There are 2 protein chains.
Amino acid sequence: MTSQAADGPGRGLHARLLARLGPAITAGDHPPGTVLLTDELAEQYEVSRTVVREAVRVLESMHLVESRRRVGVTVLPTEQWNVFDPQVITWRLAGADRPRQLRSLTRLRSAVEPVAARLAAELATPEECAELTEHALGLVRTSRGEQLENYLVHDVAFHRVILRASRNEMFARLGDVVAAVLTGRTEHEVMFSDPRQEAVTMHVQVAEAVREGDGAGAERIMRTITEDALAELDVLAPGPTAP
Amino acid sequence: MTSQAADGPGRGLHARLLARLGPAITAGDHPPGTVLLTDELAEQYEVSRTVVREAVRVLESMHLVESRRRVGVTVLPTEQWNVFDPQVITWRLAGADRPRQLRSLTRLRSAVEPVAARLAAELATPEECAELTEHALGLVRTSRGEQLENYLVHDVAFHRVILRASRNEMFARLGDVVAAVLTGRTEHEVMFSDPRQEAVTMHVQVAEAVREGDGAGAERIMRTITEDALAELDVLAPGPTAP
DNA sequence: TCCGCAATTAAGTATGACGATTTAATGTCC
DNA sequence: GGACATTAAATCGTCATACTTAATTGCGGA
């Protein structure tokens with residue numbers, strides 16, 4: 001339903017080219033300042049100039065490259081990259097500076113999700129409250145044994161509902177990002193084989209708080225959850241300085 | 001230096017077409033479900049199909065439209081729009097549901113900026129602290145009389161520095177968004193002709209807190225600032241339900 | 001040395017043709 | 001008469017090519 005990792009090759013030659021060029025650039029192949037030439041790309045990837053140009057247009061809209069006459073397609077410095085673009089996020093999560101990316105995103109979660117939880121407590125519909133409870137119980141059920149797959153499903157769904165119930169379109173749009181982070185954490189990083197019971201408990205508590213309209217409570221608990229996720233990240237991949 | 005509203009027509013026919021199509025779609029002209037035809041667009045805007053196709057590719061990457069064979073270019077439902085794309089934000093801020101957009105963004109600010117302020121207090125360089133103080137003083141200087149223009153410059157710069165000093169690339173990237181919100185507020189909405197002295201004072205306090213490494217303090221004061229901005233919105237444009 | 005003009009280069013635009021794919025209409029068989 | 005297969009039409013997708021535009025380079029003259 002909610003497209004996410006379905007951003008694979010996609011249909012169309014240009015999409016497939018994009019799926020090769022984007023990761024190549026974000027991975028640090030073609031470092032910033034590199035100049036790519038349309039004709040060379042066309043030859044290299046065995047597609048027409050038209051296709052290359054369309055892919056470049058998209059990269060340009062992500063501020064990954066800049067196309068200028070008589071110069072070529074220049075890779076832009078990373079500070080200019082539109083790091084909020086889901087595609088860019090996906091590419092970077094799959095690439096080399098994955099830890100850095102994961103940290104940035106988790107920090108973003110720690111800022112947004114508590115506020116979203118508060119709003120959800122004030123605005124969630126009965127249906128959403130039910131969904132929340134359901135997924136919280138799902139977490140409880142799957143927190144023991146080797147059910148990481150199912151645990152992840154409920155975890156992602158839970159946070160999605162929170163973000164959606166906040167009735168803020170920006171927050172809701174972060175559902176895919178959160179899903180990517182949670183999925184990525186389970187996939188690549190060595191996650192605790194047994195999800196921590198404290199985390200499970202807190203999810204249940206958030207569901208309760210939302211159901212009871214306790215905004216402050218929901219926010220407080222969610223803040224703990226996300227701060228824990230941040231701390232967890234430091235344990236698993238201790239980096240030097242990365243907020 | 002920091003491109004932002006410079007996203008005007010841009011160079012190239014395709015960019016100019018984008019600057020016309022994007023706003024048209026986000027403004028609700030061509031409502032979701034509408035089918036546009038490449039050839040018609042080409043004729044209507046007096047450009048070649050090549051140009052139309054490149055513009056459509058960009059709109060497609062923003063999830064504003066979907067292009068399918070034998071169907072045409074379909075406008076997607078708003079829930080799928082990539083509302084974090086700076087271009088989309090700009091278009092929507094200029095369009096009809098501007099109040100709604102302003103509210104969403106201000107809420108986002110209220111979530112992110114306090115956390116950014118805390119991080120800034122922990123990580124800001126001496127240079128950044130100096131910049132912060134400078135702009136805070138600039139706010140004090142321009143808060144009286146008819147100097148809204150200059151006040152805005154310092155306001156935008158101040159928040160930009162906070163976001164940048166947080167050393168989080170996602171946060172830093174929101175600098176443009178904040179700039180758009182603050183600028184928009186001053187431009188269109190009837191802003192207080194005299195910026196509130198309390199706000200000015202709080203900015204000075206944030207600068208102090210950051211300088212002294214008081215993360216908790218910086219976060220607390222920034223939270224007040226952004227919550228006030230939210231309340232201000234409700235006063236100026238009282239909407240029914242919009243987080 | 002500096003200024004300006006011309007040549008060069010690569011992206012930008014336009015057009016025509018063909019292929020691929022999806023939707024719809026048609027027709028056939030049961 | 002309805003279900004399914006076949007055919008047809010419409011539109012995007014891709015390609016090749018020719019031409020245009022802009023920017024950089026470099027040459028030559030003042």
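Per chain, numbering begins at 1; letters A, B, ... match sequence-line order. Because the structure is predicted, anything quoted here is derived from the model rather than measured.
- With 3.5 Å as the limit, one finds no donor-acceptor pair spanning the side chains of A:His159 and A:His154.
- Atom-to-atom, CG of B:Asp39 to C1' of C:dA14 comes out at 13 Å; the value is rounded to the nearest Å.
- Between B:Thr50 and the phosphate of C:dT15, there is no side-chain N or O to OP1/OP2 separation shorter than 4.0 Å.
- Remark on DNA chain C: of its neighbouring residues B:Gly12 and A:Arg11, the 5'-side contact belongs to B:Gly12, judged by nearest-heavy-atom nucleotide.
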Any N/O pairs under 3.5 Å between the protein and nucleotides 7-10 of chain D? List them or say none.
from	atom 1	to	atom 2	distance (Å)
D:dA9	N3	B:Arg70	NH1	3.2
D:dA10	O4'	B:Arg70	NH1	2.5

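- Taking the charged nitrogens against the carboxylate oxygens, A:Glu128 and A:Arg167 do have a contact shorter than 4.0 Å, which makes a salt bridge.
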Which pairs of donor and acceptor atoms, one on a side chain in residues 35-43 of chain A, lie under 3.5 Å apart (sequence neighbours left out)?
none

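- When each of C:dT13, C:dG12, D:dC15 is scored by its nearest atom to the side-chain atoms of B:His14, the top-ranked nucleotide is C:dT13.
- The CD atom of A:Glu43 sits 12 Å away from the P atom of D:dA16 (whole-angstrom rounding).
- For the pair A:Arg68 and D:dT24, the criterion of a side-chain N or O lying under 4.0 Å from OP1 or OP2 is met.
- Nucleotide D:dT14 holds its C1' atom 14 Å from the CZ atom of A:Arg53, rounded to whole Å.
- The distance from atom CD of B:Glu46 to atom P of C:dT15 is 12 Å, rounded to the nearest whole Å.
- For the pair A:Val83/A:Arg92, a side-chain contact is recorded, criterion being any heavy-atom separation below 4.5 Å from C-beta on.
- Within the 4.0 angstrom heavy-atom criterion, base atoms lie near A:Arg49.
- Taking the C1' atoms of five terminal pairs at each end of the helix from C:dT1-D:dA30 to C:dC30-D:dG1, the two resulting helix axes are inclined by 10°, rounded to 10°.
- Distance, A:Glu54 CD to D:dG13 C1': 8 Å, rounded to whole Å.
- Atom pair B:Leu59:CG and D:dC12:P shows a separation of 14 Å (rounding to whole Å applied).
- Relative ring orientation between A:Phe84 and B:Phe84 is described as parallel, the plane-to-plane angle staying below 30° on a 0-90° scale split at 30° and 60°.
- Nucleotide C:dG12 holds its P atom 14 Å from the CG atom of B:Leu18, rounded to whole Å.
- With respect to the salt-bridge test (charged N to carboxylate O, under 4.0 angstrom), the residues A:Arg57 and A:Glu60 qualify.
- Closest to the side chain of B:Leu13, out of C:dA14, D:dC12, D:dT14, is C:dA14.
- Atom C1' of nucleotide D:dT14 and atom CG of A:Leu41 are separated by 17 Å, given to the nearest angstrom.
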